[in-house]
Protein chains: 2
Amino acid sequence: MRDAPGEVTGDPADTAGSGGGVRQARKLRTRQALLAAALRLLERQSLSSLGLREVARETGIAPAAFYRHFPDITALGVALVEESFGSLRAMVREIRVQDGDVDGMIARSVDLIAHHVHEHPAHFRFLARERHGGVEAVRTAIRAELDGFVRDLVVDLSRQPASAGWPTGEVRILAELYVNLTILTATAILDAAAGAHRDEQAILEAARMQLRLIALGRRHWRDGD
Amino acid sequence: MRDAPGEVTGDPADTAGSGGGVRQARKLRTRQALLAAALRLLERQSLSSLGLREVARETGIAPAAFYRHFPDITALGVALVEESFGSLRAMVREIRVQDGDVDGMIARSVDLIAHHVHEHPAHFRFLARERHGGVEAVRTAIRAELDGFVRDLVVDLSRQPASAGWPTGEVRILAELYVNLTILTATAILDAAAGAHRDEQAILEAARMQLRLIALGRRHWRDGD
DNA sequence: CGGTCCGGAGAACAGTCGTTTACCGAGTGA
DNA sequence: TCACTCGGTAAACGACTGTTCTCCGGACCG
């Protein structure tokens, strides 16, 4: 530990191919190691019970070194929100480019959700847990980011012919419903993966049915019946 | 503090009108004081960061006395789940006895949700927060109780003419959707009450619209279109 | 009445925590 | 090359934690 002060991951100075900036690259690597270690610990606990020393220990650095990257555990939590929404954004991007019939879009969207949840389970678990968790700053950050998603989705939905004549307020409510259902489905998948009571196929089928119900309701919204 | 050892609430020995059981009544009162104190603290943090000494301090008893009632903070959390579901059950009971046209039922249900959330905000906040929180035993307890609700709701929904010919599996998915929407609405109301970005009337209107969307989808489920 | 039960109090235990301090040594840039 | 920057270390601080122990005094019961 004494002879390799900055060694966090195994391979020192392998990303320093581009001349200078070794210092900066090393700092960034430690920062990401901190985020990864925290995310690892957060699979079994929530942010408000996460200790600074605990994260430092899991990362392999001294407690005092934590302050070189974040002033707080809360600040680390906010950084984790941004990182997690990177995964979510990638998912939404893939979902948005779709077109075709409704049932096909629903089927592919649900598959995409399942795929991304399996690829970044910790990110989704973190967001689901801390969305209503005990740390205000993190809750606020998550809500702000989700609001951005809703706004984007409103634009998408408004373009669809099925929304012709819908006021923005109603489209927004629909978008919020979609976002909430997506999060619920993601957490259900996580619970299933953690050996819960129902298998994943049933969850995906439920998600498809719920989305189909909403699509039907949307189609008949302006009917008298 | 020294001369009134068991005094937790202000009025000693006022419930001891029925002869014996003074000891038992006092223990129960302290237990409820513990639960109330914990619930009070949990409005600003989550269970996994709640300390035993913290709860004892807020209750007004010595830390060691905590063990006379619960072996753990986790056990207190599970007790809080049961208490909170008392409030939830009262709400569901009132919602279930309704009948009439769909729009009327939706309007009254949403009003009932808002009313009960305002009556027991801490209970709803606790359930929303710990449903995906960091303490496994509490998560499991909440899920088990929610499963009970879903089962009851399946019975109710199956009786309605709108569910004629629906397999139980599909009714169950519908019931889960309703339960999840209810929880989401409740937490949205709580956020609004905490000075968030949107006012409560908008949230209730959104809930009504979402329920109407689902009711419409349900009615046209078996159509070709 | 007298012994027992039991929910409290208080003190002490070893840990862990967040934070601050002083210091080190390698990367950086003139 | 040389002074400087800066991400890392070790050590120490007081505060707080969960848990255990012994003791007390009022409720309980024969």
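Below, chain A is the first sequence line, B the second, and so on; all start at residue 1. On a predicted model such as this, the values are computed, not experimentally measured, just so you know.
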**Prompt:** Side-chain donor or acceptor of Arg23(B) under 3.5 Å from a matching atom on the base of dC6(C)?
**Reply:** yes

**Request:** Confirm from the modelled atom types if Arg53(A) and dG18(C) form a donor-acceptor pair under 3.5 Å, side chain to base only.
**Result:** yes

Let me know the distance between [atom1] of [X] and [atom2] of [N], rounded to the nearest Å.
X	N	atom1	atom2	answer
Phe70(A)	dT19(C)	CZ	P	15 Å
Ile61(B)	dG7(C)	CD1	C1'	9 Å
Leu28(A)	dG7(D)	CG	C1'	13 Å
Glu58(B)	dT17(D)	CD	P	13 Å
Arg31(A)	dC6(D)	CZ	C1'	17 Å
Arg26(A)	dG8(D)	CZ	C1'	9 Å
Lys27(A)	dC6(D)	NZ	C1'	8 Å

Give a yes-or-no answer on whether the side chains of [X] and [Y] include a donor-acceptor pair shorter than 3.5 Å.
X	Y	value
His120(A)	Glu83(A)	no
Gln45(B)	Glu54(B)	yes
Gln98(B)	Ser109(B)	yes

**Message:** So Asp72(A) and Leu52(A), do their side chains get closer than 4.5 Å, heavy atoms only?
**Reply:** no

**Request:** Remember a base hit wins even if backbone is also touched, and classify Arg57(A) as base, sugar-phosphate or nothing at under 4.0 Å, heavy atoms.
**Result:** sugar-phosphate

Selection from [options] that lies nearest to any side-chain heavy atom of [X]:
X	options	value
Tyr67(B)	dG10(C), dT19(C), dG18(D)	dG18(D)
Glu54(A)	dG7(D), dG27(C), dC17(C)	dC17(C)
Ala62(A)	dG10(C), dT9(D), dC6(D)	dT9(D)
Val22(A)	dT28(C), dG18(C), dA9(C)	dT28(C)

**Message:** If you assign Pro63(A) and Ala64(B) each to the DNA chain C nucleotide with the nearest heavy atom, which residue ends up on the more 5' nucleotide?
**Reply:** Ala64(B)

**Message:** Reading DNA chain C from 5' onward, which residue's closest nucleotide shows up sooner: Leu50(A) or Arg68(A)?
**Reply:** Leu50(A)

**Fill in**
Rounded to the nearest 0.5 angstrom, the NE2-OG1 distance for His69(B) and Thr30(B) is 5.0 Å

**Message:** Strictly below 4.0 Å: does Thr30(B) bring a side-chain N or O up to OP1 or OP2 of dG7(C)?
**Reply:** no

**Most 5' of Asp72(B) and Gln24(B) on DNA chain D, judged by nearest nucleotide** = Asp72(B)

